[in-house]
2 protein chains.
Amino acid sequence: MLRLTKKADYGLMALKYLAEHPDAASVSAKDIADTYGIPPQLLAKVLQRLTKVGLLRSHAGMNGGYELSRAARTISAFEVIHAIDGPLFITSCTKGSKSCELEPNCTVKEPLERVNESIAGVLRSISIYDLVDHETAAARASGLQQLVSLSHAM
Amino acid sequence: MLRLTKKADYGLMALKYLAEHPDAASVSAKDIADTYGIPPQLLAKVLQRLTKVGLLRSHAGMNGGYELSRAARTISAFEVIHAIDGPLFITSCTKGSKSCELEPNCTVKEPLERVNESIAGVLRSISIYDLVDHETAAARASGLQQLVSLSHAM
DNA sequence: TGAAAGAGGACTGATCGAGTCGGAGTTTGT
DNA sequence: ACAAACTCCGACTCGATCAGTCCTCTTTCA
């Protein structure tokens, strides 16, 4: 599976939308929800979480809404996903600080954590800005792909 | 989240165990389950699936069990995970051939699919053999990490 | 022939994601 | 001042999926 939740998707979509409309002083959750066909209240929660983490600034009241607190280039996909879905662990045993102590023989965990770090590195290298500008994102991703392939001959 | 299922974990652990015991003609599911404290019947299903895919060979009857059908170096973590958890999609909308047609505006999907390919590349570069030999796996993973970091200055 | 192993379908319980509801607090336009 | 348009937040339901179990059948070998 290895997929991220819809909430994380929504969060990325919303940030992308905000990055595309830097002129707008403030965009409401409803605006974004209507644009993408997302359940408004669900998107609202996502945006609230992103606000709490500090990626967004909110304005209550009429004509209120959200705006990016930082430049789109400096916000990585990793930050967004981490804020919404929590810390990502590829191993199912590692749940926060509590590791699977029932299986001390689980030597598989360590190398997989390295893999986990690699994946986090990929996500860290993608910014919200990259989502807007398709060509650079595509070039960067395929570049990463080549680097990965080069490091090991399958 | 972005985590793989316990079944996939069990599968990797089992393959690692088999790679560590190449001398044994055949190892039963119960042996592996006892070693790691895994529910035997659950592990059995995982091994059956891996057999069906062709990663393992099975021998029924007394003193029966499983053995790797290929060298551990030629079996990637990606194959194992794919066999057990199915195709991995980082985007939650892309479910097999049926994409989310409700949201044609979902322009986030395309760049994320690139990310998906990068992650698949990382998993493809890790073999079962790497799980046994910790040092090379660690070196490789950190190597990938460096390459990723170099390609983009955060 | 019987014990030990794999193969596999059916089923249950638990967990978690997706989405909804309702209400409370805040700002702003008029 | 008032109401509209927002954000904010907790609780709740529903459904899917995962984890694990049970039972039966087949195969193999001593």
Side-chain angles (χ1 to χ4, degrees), chain A residues 1-11 13-14 18 24-34 36-53 56-67 81 84-86 88-89 91-93 95-96 100 102-103, chain B residues 1-11 13-14 18 24-34 36-53 55-67 69 81 84-86 88-89 91-93 95-96 100 102-103:
Chain A
M1 285 294 177
L2 196 70
R3 67 178 210 276
L4 43 89
T5 63
K6 278 193 177 181
K7 289 182 184 177
D9 265 354
Y10 295 160
M13 291 163 72
L18 289 173
S26 182
V27 180
S28 74
K30 191 173 180 302
D31 289 339
I32 304 176
D34 288 346
Y36 293 114
I38 300 174
Q41 294 181 333
L42 186 54
L43 179 63
K45 285 197 162 185
V46 172
L47 296 180
Q48 285 163 25
R49 187 158 211 126
L50 292 176
T51 303
K52 205 169 188 179
V53 171
L56 294 178
R57 268 197 298 267
S58 63
H59 295 287
M62 274 186 74
N63 298 326
Y66 297 90
E67 62 178 337
I81 295 172
I84 299 174
D85 284 351
L88 56 88
F89 290 118
T91 50
S92 59
C93 22
K95 292 176 182 175
C100 53
L102 295 177
E103 310 162 18
Chain B
M1 285 294 175
L2 196 71
R3 69 178 209 278
L4 43 88
T5 63
K6 278 192 178 181
K7 288 183 185 178
D9 266 354
Y10 295 159
M13 291 163 73
L18 290 173
S26 182
V27 180
S28 73
K30 190 173 182 301
D31 291 340
I32 304 175
D34 287 347
Y36 293 114
I38 302 174
Q41 294 181 333
L42 186 55
L43 178 63
K45 287 201 160 184
V46 172
L47 295 181
Q48 285 166 23
R49 190 163 209 121
L50 293 176
T51 302
K52 205 169 185 177
V53 171
L55 294 176
L56 294 178
R57 266 196 300 266
S58 64
H59 295 287
M62 275 188 75
N63 298 324
Y66 298 90
E67 61 177 339
S69 66
I81 296 170
I84 299 175
D85 284 352
L88 58 89
F89 290 117
T91 49
S92 59
C93 23
K95 293 175 180 174
C100 55
L102 294 177
E103 309 161 19

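Numbered from 1 within each chain, the chains take letters A, B, ... in sequence-line order. Only heavy atoms go into these numbers, but all of them, side chains included; no hydrogens, no water, no symmetry mates.
Atoms CG (D9(A)) and C1' (dG17(C)) sit 13 Å apart, rounded to a whole Å. Atom CD in E67(A) sits about 14 Å away from atom C1' in dT7(D), given to the nearest Å. Distance D34(A) CG to dA5(D) P: 14 Å, rounded to the nearest Å. Rounded to whole Å, the distance from CG on L56(A) to C1' on dC8(D) is 14 Å. Distance NZ (K6(B)) to P (dC18(D)): 13 Å, rounded to an integer number of Å. Rounded to a whole Å, the CD1 atom of I32(A) is 12 Å from the P atom of dC6(D). Put simply, CG on L4(B) is 16 Å from P on dC16(C), counting in whole angstrom units. Between the NZ atom of K30(A) and the P atom of dA4(D) there is a distance of 15 Å, rounded to whole Å.
Side-chain proximity of S28(B) to the nucleotides dT7(D), dA5(C), dA19(D) is greatest for dA5(C).
Across all their heavy atoms, S58(B) and T51(B) have their closest contact at OG-CG2, 3.8 Å. Annotation for A14(B) and L47(B): closest pair CB-CD2, 3.7 Å, computed over non-hydrogen atoms. The two residues R49(B) and I84(B) make their nearest non-hydrogen contact at CD-CA, 4.0 Å. The nearest pair of heavy atoms linking G64(A) to S26(A) is C-OG, 3.2 Å. In plain terms, the two heavy atoms of Y66(B) and L18(B) that are nearest each other are O-CD2, 3.7 Å. A33(A) approaches P40(A) most closely through the heavy-atom pair CB-CA, 3.7 Å.
The phosphate of dC8(D) has OP1 or OP2 within less than 4.0 Å of a side-chain N or O from S58(A). Contact check, Y10(A) against dA18(C): no side-chain N or O comes under 4.0 Å of OP1 or OP2.
In the region residues 42-53 of chain A, proximity to DNA chain C at under 4.0 angstrom, judged on heavy atoms, holds for L42(A), K45(A). Contacts between residues 59-66 of chain A and DNA chain C, defined by a heavy-atom separation below 4.0 Å, involve A60(A), G61(A), M62(A), N63(A), listed by number.
Separation of atoms CD1 (I81(A)) and CG (L4(A)) is listed at 5.0 Å; rounding is to 0.5 Å.
K30(B) is linked by a salt bridge (Lys or Arg N to Asp or Glu O under 4.0 Å) to D34(B), counting only residues two or more places apart in sequence or in another chain. In this structure, the salt bridge (Lys or Arg N to Asp or Glu O under 4.0 Å) partners of R57(A), at least two apart in sequence or on a different chain, are E67(A). In terms of the side chain to side chain donor-acceptor pair (under 3.5 Å) criterion, residue partners of D31(B) (sequence neighbours excluded) are, by chain and number, S28(B).
Five base pairs at each end of the helix from dT1(C)-dA30(D) to dT30(C)-dA1(D) define two local axes, and these are offset by 10° (rounded to 10°).
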